[in-house]
Structures are given as structure tokens and as C-alpha cells.
**Q** 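This structure is in C-alpha cells; I'll ask about it shortly.
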2 protein chains.
Amino acid sequence: MATKNAAQQRADRKHDYDAYLAACPSRQLLERISNKWVVLVLNELGDGPARYSEIARVVAGVSQKMLTQTLRNLERDGLVHRDVEATVPVTVTYSLTELGSSLLKVMGQLKLWAEDYMPEVFAARERYDAL
Amino acid sequence: MATKNAAQQRADRKHDYDAYLAACPSRQLLERISNKWVVLVLNELGDGPARYSEIARVVAGVSQKMLTQTLRNLERDGLVHRDVEATVPVTVTYSLTELGSSLLKVMGQLKLWAEDYMPEVFAARERYDAL
DNA sequence: CAGCATCCTGGAAGATACTG
DNA sequence: CAGTATCTTCCAGGATGCTG
């Protein structure tokens with residue numbers, strides 16, 4: 001065991017790599033938004049504050065595990081605000097923060113791009129598949 | 001077994017859900033860009049055409065499998081162009097298409113958002129973790 | 001109502017070896 | 001050089017049951 005084995009070398013490389021990327025804002029952003037639930041929840045909250053169960057209903061298909069996890073992360077990053085009213089049973093309302101709104105605004109541009117160019121993407125796909 | 005069991009009901013819901021989302025352009029877009037390799041490759045090609053090995057070098061950490069897969073998908077969707085020169089050995093150059101450029105332009109906005117607001121996100125994170 | 005804890009599986013992605 | 005083929009690992013995310 002005098003020399004480094006493959007696993008160790010991989011670990012080293014991985015470490016360098018992570019260290020580099022961790023400092024890259026676009027990478028950080030990527031990890032934040034490259035998650036379908038994040039995008040869907042953010043969009044839903046763009047229509048105004050909503051309660052947990054409302055979000056769960058609108059964002060069809062999300063498990064409560066994923067919904068809770070997503071909301072927690074968004075809260076942690078200061079993108080959504082979580083308001084708990086001490087009623088019985090408890091009432092929890094989520095809303096976008098300023099920061100969340102500014103991100104949603106930018107993501108809206110992407111949404112517009114999708115709506116504008118998706119037909120072209122589909123066409124390209126069919127052309128490619130026809131070969 | 002006269003009534004539908006839980007699994008069947010879930011399957012039904014899942015089917016409805018998929019059908020609905022499959023028709024949603026923003027969902028389609030999401031699946032296209034919510035992939036770190038896609039974003040990194042697109043950004044790299046934003047600096048101009050590049051050969052396979054160049055991309056592999058700049059986008060550190062990507063395996064050939066993932067790089068090839070990513071490039072193929074981008075080509076299929078009409079976002080990048082693949083140019084093969086019949087030299088020996090073969091020379092393959094990738095470049096952004098018009099469509100790819102327009103997407104990159106929009107993604108650039110997100111990148112700018114990240115660079116502008118990441119500090120706030122980090123601050124929010126630390127505040128949250130301090131609780 | 002709005003979660004938390006636990007178990008489990010499919011598919012994404014990495015490692016590795018080979019080739020026109 | 002620019003891939004393909006194959007094996008394997010890993011973990012995001014779904015299912016399910018319980019609770020303040």
C-alpha cells in the first residue's frame with residue numbers, strides 16, 4: 001500500500017474539482033435552480049402567498065417529502081418566507097421574499113424563451129430522430 | 001380485489017400528471033437546462049467553437065460518457081452544431097447554433113443574477129443555520 | 001394541517017476498458 | 001482523437017406510517 005490507489009487519486013481530484021466549483025457563483029446558482037420542484041414552487045408563489053396544502057395541490061405530483069424539503073431550502077436561502085400562525089391546527093403560509101421575486105423575474109425570461117422556441121427544439125428533435 | 005388498490009390509484013394519478021406536464025413548455029425547458037453539464041458546456045461554447053477534447057479540458061470533472069451524452073442531446077435539440085472533418089484522426093468541432101446562442105443569452109441573465117445576489121443568499125443561509 | 005422518520009428502489013452518473 | 005460498451009455505485013426521490 002505504498003502508492004496511492006485509484007480511489008485515493010479520484011478523491012484527490014474530486015476535492016480539487018469541488019474546491020474550484022464551490023467558489024463559482026454560477027455553479028451555486030445551478031444547484032439552486034436545477035431542480036424542478038424549486039422552479040415549480042417559485043412559480044406558484046409568484047401568484048401570491050400560499051399555504052402548504054395549496055402548494056401541494058397546485059404543484060401536482062410532488063410528494064410531501066420533496067415539497068417540505070424544497071420549501072426548507074428556499075427558506076434557508078432567503079428566497080421564501082415562512083409564516084406560522086399559532087392557530088389550531090397550525091396555519092403555515094409561504095410567500096416570496098424580495099430576493100425570491102428577483103430570481104423569479106429572471107427565471108421568467110427562461111420561461112418565455114421556452115414558450116417561444118420550444119417548437120423549434122421539437123422540430124430539431126424530430127429531424128435528428130428521423131436520421 | 002374489486003376496488004382499485006393504492007398502487008393502481010397512484011399509477012392513474014401519475015399518468016395524468018405526466019400527460020399534463022409533458023405538454024408544459026416550461027417543464028420541457030427545465031429538463032433541458034437543469035443539468036450542470038448542459039449549462040457548463042453551453043457556456044464554454046459561448047466563447048466560440050471548440051473541439052471535443054477542448055471542452056473536456058475546460059469543463060473539468062466531466063466524464064467522456066457524460067460529455068458525449070450531453071453533446072448528443074444538445075445536438076438533437078438543435079442547440080449545438082457538430083462538425084466532423086474527415087482527417088486522420090477525425091476532427092470534431094462543436095459550436096452553438098442560433099438557437100443555442102439565444103438560450104445562452106437568457107441563461108446569461110441568470111448567471112448575472114447569481115453573481116449579483118449570491119452574497120445575499122449566503123448571508124441568508126448563515127442566518128438560518130445559526131438558529 | 002403541516003409536517004417528520006424510515007425504508008427502499010430506479011435511474012443517473014462515474015470508473016474502466018476497448019476501437020475506427 | 002473522439003468516441004462506444006459495460007459494469008457498478010450512489011443517492012434523489014417516492015411510499016408509507018406516525019404526530020404536535
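As a basis for the values below, the full set of heavy atoms in this structure was taken, side chains included, without hydrogen atoms, waters or symmetry mates. A quick note: this is a predicted structure, and the numbers were derived from the prediction, not measured. By convention in this document, chain letters (A, B, ...) are assigned in the order of the sequence lines, proteins followed by strands, and residues within each chain are numbered from 1.
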**Q** Looking at the side chain of B/Q64, which of C/dA17, C/dC1, D/dG13 is the nearest nucleotide?
**A** C/dA17
**Q** Heavy atoms from C-beta onward define the side chain here; which of D/dT4, D/dG13, C/dA2 lies closest to that of A/Y52?
**A**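 Between D/dT4, D/dG13, C/dA2, the one nearest the side chain of A/Y52 would be C/dA2.
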**Q** Of A/P89 and B/R82, whose nearest nucleotide on DNA chain D comes first from the 5' end?
**A** B/R82
**Q** Specify the separation, in whole Å, of atom CE of A/M66 and atom C1' of C/dA2.
**A**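 Between C1' of C/dA2 and CE of A/M66: 16 Å.
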**Q** Is there a side-chain polar atom (N or O) of B/R72 under 4.0 Å from OP1 or OP2 of D/dT4?
**A** yes
**Q** For a side-chain contact (heavy atoms from CB on, under 4.5 Å) with B/V80, tell me which candidate from B/T70, B/L74, B/N73, B/L99 qualifies.
**A** B/L74
**Q** If I take atom NZ in residue A/K36 and atom C1' in nucleotide D/dA12, what distance separates them, rounded to the nearest angstrom?
**A** 11 Å
**Q** Quick check on D/dA2: is either OP1 or OP2 less than 4.0 Å from any side-chain nitrogen or oxygen of B/S53?
**A** yes
**Q** Using the side-chain contact (heavy atoms from CB on, under 4.5 Å) definition, which of the options A/L29, A/L103, A/D77 pairs with B/V121?
**A**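 Considering A/L29, A/L103, A/D77, a side-chain contact (heavy atoms from CB on, under 4.5 Å) with B/V121 is found only for A/D77.
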**Q** Roughly how far apart are B/T97 OG1 and B/L79 CG, rounded to 0.5 Å?
**A**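 Answer rounded to 0.5 Å: 5.5 Å.
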**Q** Atom CG of A/D83 to atom P of C/dG3: distance rounded to whole Å?
**A**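 Rounding to the nearest Å, CG of A/D83 and P of C/dG3 are 12 Å apart.
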**Q** Could you state the atom-to-atom distance from CG of B/L67 to C1' of C/dA12 in whole Å?
**A** 16 Å
**Q** For B/Q69 and C/dA15, give me the distance from atom CD to atom C1', rounded to whole Å.
**A** 15 Å
**Q** Could you tell me which residues satisfy ring pair (Phe, Tyr, Trp, His ring centres under 6.0 Å) with B/Y52, sequence neighbours excluded, listed by chain and number?
**A** none
**Q** What is the distance from CZ of A/R57 to C1' of C/dC1, rounded to the nearest Å?
**A**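 Answer to the nearest Å: 13 Å.
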**Q** Taking 4.0 Å as the cut-off, does a side-chain nitrogen or oxygen of B/R51 come that near to OP1 or OP2 on D/dC1?
**A**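 B/R51 to D/dC1 OP1/OP2: no side-chain N or O under 4.0 Å.
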**Q** Of all the choices, C/dG3, D/dG14, C/dA2, which nucleotide is nearest to the side chain of A/V90 once you look at every atom?
**A**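 My answer, after comparing the listed nucleotides, is C/dA2.
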**Q** D/dG17 C1' sits how many Å from A/K65 NZ, rounded?
**A**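 Rounded to the whole Å, the gap is 14 Å.
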**Q** For the side chain of A/Y94, counting heavy atoms from C-beta on, which of D/dG14, C/dG3, D/dA2 is nearest?
**A** C/dG3
**Q** Determine whether more than 12 heavy atoms belonging to other residues, nucleotides or ligands lie under 6.0 Å from atom OH of B/Y117.
**A**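 Result for OH/B/Y117: open.
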**Q** Quick one: A/L71 CG to C/dC1 C1', roughly how many Å, whole number?
**A**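 Between C1' of C/dC1 and CG of A/L71: 14 Å.
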